[in-house]
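Everything on this sheet refers to the single structure shown next.
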There are 2 protein chains.
Amino acid sequence: MKKQGTILFALPGNEELTEKLALHLNVEKGVSVIRQFPDGETYVQIQSDVKNKRVILVCTLHQPDNKLLPLYFLSKTAKDLGAESICLVAPYLAYMRQDKRFTPGEGITSKYFGKLVSVFAESLITVDPHLHRKKSLNEVYNIPNKVIHSAKLISEWIKMNIKNPVLIGPDIESKQWVSKVAKDAGASFIVLEKTRLGDRKVLVSLPQVDAYKNHTPVLIDDIISTAGTMIETTVQLKKAGMKPPVCIGIHAVFAENAYQDLLNAGVADIITCNTIPYKSNRIDISKNIAEAIGMEIHQV
Amino acid sequence: MKKQGTILFALPGNEELTEKLALHLNVEKGVSVIRQFPDGETYVQIQSDVKNKRVILVCTLHQPDNKLLPLYFLSKTAKDLGAESICLVAPYLAYMRQDKRFTPGEGITSKYFGKLVSVFAESLITVDPHLHRKKSLNEVYNIPNKVIHSAKLISEWIKMNIKNPVLIGPDIESKQWVSKVAKDAGASFIVLEKTRLGDRKVLVSLPQVDAYKNHTPVLIDDIISTAGTMIETTVQLKKAGMKPPVCIGIHAVFAENAYQDLLNAGVADIITCNTIPYKSNRIDISKNIAEAIGMEIHQV
């Protein structure tokens with residue numbers, strides 16, 4: 001049985017998802033110690049037997065900078081102890097946005113991060129990475145990878161929970177994705193025009209929405225980070241006499257006070273997938289991740 | 001002139017030392033932007049021309065985990081922009097302690113960290129790395145490297161500032177180093193027997209010190225981290241009727257409240273080299289680092 005040779009490790013904060021994956025797949029959960037010395041260095045120990053096993057490291061990558069080293073160390077330790085292969089499950093993949101040099105001298109961190117991950121992970125499973133200008137994750141990662149799409153789960157959630165929805169996508173690039181979610185949910189959709197003025201500030205222009213006065217607006221986006229776009233859209237919907245919107249994101253990044261700021265803007269609800277641990281998570285994507293892990297097993 | 005082709009970049013927090021190095025060497029200081037996006041990702045931009053230049057990245061590595069990615073990004077960006085080579089100046093080098101598997105399953109982070117640094121730095125300059133069980137930095141780093149020794153500067157400082165000193169080293173491994181400092185300072189020395197009980201707790205046994213009642217005890221160690229050893233030694237010196245000690249460390253790591261704890265233990269003074277920015281720094285090692293950079297230049 002191939003599955004007997006697979007072992008899942010939860011990096012700190014990923015215990016809940018890892019537990020779900022272990023149940024779906026009926027595979028072993030590894031025991032490891034990851035702690036900080038008083039001087040801030042990381043200590044890593046693997047207590048389970050990983051020899052000749054396929055090691056799956058579960059580590060979502062929001063706030064990535066201080067997650068990288070513990071993850072790298074755990075991977076190297078597993079290899080030192082005889083692991084057959086290392087697969088990284090990062091439901092949220094960081095550093096997907098700076099994928100070109102917008103201003104002279106800028107670092108293309110998307111490329112550099114991809115290279116660094118390839119140093120310690122032999123394969124990668126992620127959920128809807130932010131492929132803005134890239135067509136495929138293979139343009140950034142040169143290791144075998146599997147992308148899971150949440151669109152169907154989001155459509156189902158909308159169908160089950162919202163009467164008479166109208167979906168609102170943040171910008172023209174989101175059109176293809178939003179239209180698919182809308183179609184599967186049997187709903188109409190609108191796409192906004194967005195102009196980014198800085199890290200936090202955006203301008204949003206709302207088209208004619210009079211036809212949707214009796215609908216529940218559903219703002220959807222892949223990442224909710226500062227929530228700037230959703231807050232600005234909510235303000236404009238209110239002005240246009242629309243109902244308070246339901247906000248749906250795939251990845252609950254929520255930088256700083258973004259979640260509270262979005263609530264304060266007067267939204268009806270905030271819903272996210274469980275790619276990053278957060279109180280707004282109500283769409284469970286663990287089964288799809290487990291399937292991807294299972295498929296990888298058969299490929300081995 | 002080779003030196004015209006060298007450019008120094010200060011990673012955040014390393015500005016003061018980099019300024020000194022630039023003055024010693026009379027070379028250009030590079031301008032870069034390193035900042036965090038609201039979601040915690042790092043943005044990097046190099047505004048100076050680095051094309052065909054020897055790039056020196058100055059980044060001391062205490063509290064290393066969230067320094068690694070910005071450093072890696074800056075290096076990759078410089079290379080992307082045509083830098084001839086990348087040299088890392090890390091006056092304090094992290095992850096030197098876990099250099100073997102003490103308990104089954106442990107990660108040998110010293111080895112892994114060395115490998116990771118080698119991914120983005122082509123050479124390395126550091127000050128007195130903690131080579132406890134290793135004889136040479138080459139056992140950990142497979143890139144050209146230069147180790148600067150602070151012993152002479154420390155001896156000079158003691159000679160200039162302390163009347164009738166007796167040097168006290170923390171353990172038998174420090175004997176060679178402490179005896180050298182003592183000899184150059186024209187002082188006697190004692191070496192303690194230390195037993196480590198945990199990250200913070202140590203047992204220290206003080207030999208007969210009656211002969212040194214009129215001396216000023218000078219506790220010296222390479223790293224002052226939790227200061228556990230120095231605090232415990234100070235307590236025992238007090239019991240033995242000795243004067244309050246002067247504490248000298250090379251690297252001012254000072255985990256958590258260690259500096260204040262050490263002061264509270266009743267020491268006369270705390271002195272460190274400027275390998276890590278800290279208020280206790282009074283021994284300036286910048287000239288020696290500059291010399292090492294200059295030597296590297298001639299090697300190129």
Side-chain angles (χ1 to χ4, degrees), chain A residues 31-50 61-70 72-78 80-81 94-98 101 103-109 111-113 115-116 119-120 199-200 223 225-226 228 253-256 258, chain B residues 31-50 61-70 72-78 80-81 94-98 101 103-109 111-113 115-116 119-120 199-200 223 225-226 228 253-256 258:
Chain A
V31 179
S32 66
V33 177
I34 298 180
R35 65 178 183 86
Q36 308 299 121
F37 285 110
D39 63 2
E41 295 188 3
T42 297
Y43 170 90
V44 165
Q45 186 194 27
I46 292 180
Q47 295 178 345
S48 307
D49 180 14
V50 294
L61 287 169
H62 64 299
Q63 300 286 343
D65 286 18
N66 59 10
K67 293 192 171 74
L68 209 276
L69 218 44
Y72 166 77
F73 286 152
L74 197 65
S75 169
K76 297 297 278 184
T77 304
D80 258 4
L81 297 170
Y95 286 106
M96 290 302 294
R97 299 204 245 192
Q98 186 84 31
R101 190 166 286 138
T103 304
E106 282 184 344
I108 307 166
T109 50
K111 181 173 82 174
Y112 310 151
F113 190 76
K115 266 198 185 164
L116 192 56
V119 164
F120 64 88
D199 286 357
R200 289 170 179 77
I223 300 171
S225 179
T226 61
V253 170
F254 291 117
E256 299 157 0
Chain B
V31 179
S32 65
V33 177
I34 298 179
R35 66 178 182 85
Q36 308 299 121
F37 285 111
D39 62 3
E41 295 188 4
T42 296
Y43 170 90
V44 166
Q45 186 194 28
I46 292 180
Q47 294 178 346
S48 306
D49 180 15
V50 294
L61 288 170
H62 64 299
Q63 300 285 342
D65 287 18
N66 58 10
K67 292 192 172 72
L68 208 275
L69 218 43
Y72 166 77
F73 286 153
L74 197 65
S75 168
K76 297 297 278 184
T77 304
D80 257 5
L81 297 170
Y95 285 107
M96 290 302 294
R97 298 203 247 193
Q98 185 85 32
R101 189 165 288 136
T103 304
E106 282 185 344
I108 306 164
T109 51
K111 179 173 84 172
Y112 310 151
F113 190 76
K115 267 200 183 165
L116 192 56
V119 164
F120 64 88
D199 286 357
R200 289 170 181 76
I223 300 172
S225 179
T226 61
V253 169
F254 291 118
E256 298 156 2

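Each chain gets a letter, A, B and so on, in the order its sequence line appears, and its residues count up from 1.
Heavy-atom distances place the side chain of Tyr43(B), and not its backbone, under 4.5 Å from chain A. Using a 4.5 Å cut-off between heavy atoms, Pro104(B) touches chain A through its backbone atoms (N, CA, C, O) alone. Both the backbone and the side chain of Phe113(A) come within contact range of chain B, with heavy atoms under 4.5 Å apart. Heavy atoms closer than 4.5 Å to chain A are found in both the backbone and the side chain of Ile46(B).
Ring geometry for Tyr95(A) against Phe73(B) counts as perpendicular: the plane angle is over 60°, on a 0 to 90° scale with 30° as the lower cut.
Pro38(A) and Glu256(B) get closest at one heavy-atom pair: CA-OE2, 4.1 Å. In this structure, Asp39(B) and Ser225(A) approach most closely via the heavy-atom pair CB-OG, 3.6 Å. Across every non-hydrogen atom of Glu106(A) and Gln45(B), the tightest pair is N-CG, 3.8 Å.
Shown here are the salt bridge (charged side-chain N to carboxylate O under 4.0 Å, His left out) partners of Asp65(A), two or more places apart in sequence or in another chain: there are none.
Atom OG1 of Thr42(A) sits about 13.5 Å away from atom OH of Tyr112(B), to the nearest 0.5 Å. Atom CG in Leu69(A) sits 9.5 Å away from atom CG in Leu69(B) (nearest 0.5 Å).
Inter-residue side-chain proximity for Glu41(B) and Gln98(A) is flagged as unmet; no heavy-atom pair is nearer than 4.5 Å.
Counting heavy-atom pairs closer than 4.5 Å to chain A, the top-ranked of the candidates Val119(B), Val253(B), Thr226(B), Leu81(B) is Leu81(B). In terms of heavy-atom pairs under 4.5 Å with chain B, the best-connected choice from Ile223(A), Asn66(A), Thr103(A) is Asn66(A). Of the listed residues Ser48(B), Ala94(B), Pro70(B), the one with more heavy-atom pairs under 4.5 angstrom with chain A than any other is Ala94(B). Chosen from Val33(A), Val44(A), Leu74(A), Asp49(A), the residue pairing most often with chain B at heavy-atom distances under 4.5 Å is Val44(A). Per-residue heavy-atom pair counts under 4.5 Å with chain B were compared for Arg101(A), Lys111(A), Gln63(A), and the maximum is reached by Gln63(A).
Just one residue in the list Leu68(B), Leu116(B), Thr109(B) forms a side-chain contact (heavy atoms from CB on, under 4.5 Å) with Tyr72(A), and that residue is Leu116(B).
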